[in-house]
Q: 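Okay, here's the structure, questions in a sec.
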Amino acid sequence: IIYYRLGNYGAAQTELERSLLTVDSARAGYYLNLTREELLRSRGVTMVHPSLKVTTPIPDRIVNTPMIRVVGSVQSPNYIRALTVDGKNLYIELAEKILQFDEPAYLRPGKNLIKIEARGLLGGKVELAIPVTLDLQPPLVYIDERSEERRVGKECRSRWSPYHEKNNGNNSRLCTY
């Protein structure tokens, strides 16, 4: 930490990484993020927007469960500082170049937009909105059991129909298609 305060960012990075290998420390992680940011700025690295890849859910998918998993990865040569999935900020103690995520998203009936946002150490950001539809209503099927027909050539014969038995006395009728 003292190397960071003195402005010796190369030595600070080396010592902070060595410290984190020994003992996981939130303070060391915080200063390592600051050190990496200063190193990128001092080297004149230009801001690069992170790239985001989502494997699930597939856009415009129709699902029948109110919870789905949002799975993917985000990467940037300038390190990832923050990641938000469906309005939930994910805790990132130590910025990394590649982050994997697998988070639940809760859907409302109808069309939903699952928003994902990632920010890098130098401020570059990427946003993605994935449309997903939650359909909880089963399909409606109407089956009319009163008449079972089969087509023979251009003639339609009904095996059983209460209408025909009552009016015609036979089980056949002509249909035009």
Q: Does any part of the side chain of Val126, heavy atoms only, come nearer than 4.5 Å to the side chain of Ser51, both counted from C-beta?
A: no

Q: Can you tell if the side chain of Ile130 reaches within under 4.5 Å of the side chain of Leu128, non-hydrogen atoms only?
A: yes

Q: Name all pairs fulfilling the side-chain hydrogen bond (donor to acceptor under 3.5 Å, both in side chains) condition that reach into residues 131-140, sequence neighbours left out, sorted by first residue then second.
A: none

Q: Give a yes or no answer on whether the side chain of Arg36 reaches the backbone of Leu121 with a donor-acceptor pair at less than 3.5 Å.
A: no

Q: Does atom CD1 of Ile58 have more than 12 heavy-atom neighbours from other groups under 6.0 Å away?
A: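 Atom CD1 in Ile58 is not crowded, with 12 or fewer foreign heavy atoms closer than 6.0 Å.
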
Q: Take atom CZ in Phe101; do more than 12 heavy atoms of anything else shown fall under 6.0 Å from it?
A: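 Yes, CZ of Phe101 has more than 12 neighbouring heavy atoms, counting only those of other groups under 6.0 Å.
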
Q: Which residue, Leu16, Leu32, Thr35, forms the side chain to side chain contact (heavy atoms under 4.5 Å, CB included) with Ile1?
A: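 Testing Ile1 for a side chain to side chain contact (heavy atoms under 4.5 Å, CB included) against Leu16, Leu32, Thr35 leaves exactly one candidate, Leu16.
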
Q: The criterion is salt bridge (Lys or Arg N to Asp or Glu O under 4.0 Å); which residues satisfy it with Arg43, sequence neighbours excluded?
A: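 Arg43 satisfies salt bridge (Lys or Arg N to Asp or Glu O under 4.0 Å) with no other residue.
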
Q: For the residue pair Leu20 and Ala28, what are the closest heavy atoms and their distance?
A: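 Looks like CD2-CB, 3.8 Å.
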
Q: I need the minimum non-hydrogen distance between Pro57 and Ile114, along with the two atoms involved.
A: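 Where Pro57 meets Ile114 most closely, the heavy atoms are CG-CD1, 4.0 Å.
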
Q: Taking the six-membered ring for Trp, are Tyr31 and Tyr4 parallel (under 30°), tilted (30 to 60°) or perpendicular (over 60°)?
A: perpendicular

Q: Around atom CG of Leu6, are there more than 12 heavy atoms of other residues, nucleotides or ligands at under 6.0 Å?
A: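 Yes.
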
Q: Give me the atom names and distance for the closest heavy-atom approach of Arg108 to Asn112.
A: O-ND2, 2.7 Å

Q: At what distance, to the nearest 0.5 angstrom, does CD1 of Ile92 lie from CG of Leu90?
A: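 Result: 6.5 Å between the selected atoms.
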
Q: Please name the pair of heavy atoms, one in Gly124 and one in Met47, separated by the smallest distance, quoted to 0.1 Å.
A: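 Heavy atoms only, the tightest pair is N-SD, 3.2 Å.
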
Q: Would a single hydrophobic cluster contain both Ile68 and Leu136, if residues Ile, Leu, Val, Met, Phe, Trp and Tyr are joined by side-chain heavy-atom contacts under 4.5 Å?
A: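 Cluster IDs for Leu136 and Ile68 match.
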
Q: Mind checking the CD-CG spacing from Glu96 to Leu83? Nearest 0.5 Å is all I need.
A: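 With rounding to 0.5 Å, CD (Glu96) is 11.5 Å from CG (Leu83).
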
Q: Can you name the closest pair of heavy atoms from Pro50 and Ile80 and give their distance?
A: CB-CD1, 3.7 Å

Q: Can you list every side-chain hydrogen bond (donor to acceptor under 3.5 Å, both in side chains) pair that touches residues 69-89, not counting sequence neighbours?
A: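 Sorted result for residues 69-89: Glu37-Arg81, Arg69-Asp102, Thr84-Asn89, Lys88-Glu103.
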
Q: What distance separates Glu15 CD from Ile2 CD1, expressed to the nearest 0.5 Å?
A: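 It is 12.5 Å, given to the nearest 0.5 Å.
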
Q: What's the shortest heavy-atom distance between Leu107 and Thr65, and which atoms?
A: CD1-O, 4.0 Å

Q: Can you tell me how far apart CG (Leu94) and CD (Glu17) are? Round to the nearest 0.5 Å.
A: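 Reported value, rounded in 0.5 Å steps: 8.5 Å.
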
Q: How many angstroms lie between CG in Leu34 and CG in Leu39, if you round to the nearest 0.5 Å?
A: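 Spacing of CG (Leu34) from CG (Leu39) equals 11.0 Å.
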
Q: Return yes when atom CZ of Arg41 has more than 12 non-hydrogen atoms of other residues, nucleotides or ligands closer than 6.0 Å, and no otherwise.
A: yes

Q: Any salt bridge linking Lys115 with Glu117? Criterion: basic side-chain nitrogen under 4.0 Å from a carboxylate oxygen.
A: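 Salt bridge: no.
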
